[in-house]
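Below you'll find the structure, written out as structure tokens, and then a few comments.
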Amino acid sequence: LLHGEAVAIGMRCASRLAERRGLIPAEVTERQLALMTRVGLPLELPKPVSFGADAAIGRMRLDKKAVAGQLRFVLPTRMGAVETIANVPE
């Protein structure tokens, strides 16, 4: 899995999280996914790759956006705009 591919998959997840938090409507996510598909970016992990939620959260705690082990997310608020959000329950 290349870095750009991982970023694209993360963007998909961030957009879905933004939907769940009421930051954007589903149409924004669908447009974003269509654009990423059009340029050939993957939207899912390759089939032989899998890991559980605990492993994913552990890896996310190592991300540069995490502060003192607390997760922060860069979530879309509209097409072309994002906001850093903390205090997202696991």
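- Here Arg78 pairs with nothing under the salt bridge (Lys or Arg N to Asp or Glu O under 4.0 Å) rule; sequence neighbours left out.
- Under the side-chain hydrogen bond (donor to acceptor under 3.5 Å, both in side chains) criterion, no residue pair touches residues 68-77, with sequence neighbours excluded.
- Within the structure, every pair that satisfies the side-chain hydrogen bond (donor to acceptor under 3.5 Å, both in side chains) test and touches residues 15-26, not counting sequence neighbours, is listed here: Ser15-Thr29, Ser15-Gln32, Arg16-Glu19, Arg16-Glu30, Glu19-Thr29.
- Separation of atoms CG (Leu23) and CD1 (Ile85) is listed at 5.5 Å; rounding is to 0.5 Å.
- Hydrophobic cluster membership for Val82: Val74 (Ile, Leu, Val, Met, Phe, Trp, Tyr linked by side-chain heavy atoms under 4.5 Å, directly or transitively).
- Put simply, the side chain of Leu17 reaches to within 4.5 Å of the side chain of Leu75, judged on heavy atoms.
- Among all heavy-atom pairs drawn from Ala8 and Pro42, the shortest one is CB-O, 3.6 Å.
- Residues satisfying the side-chain contact (heavy atoms from CB on, under 4.5 Å) criterion with Leu43, sequence neighbours excluded, are Arg12, Leu33, Met36, Thr37.
- Across Pro76 and Ala14, no two heavy atoms sit closer than the pair CD-O, 3.9 Å.
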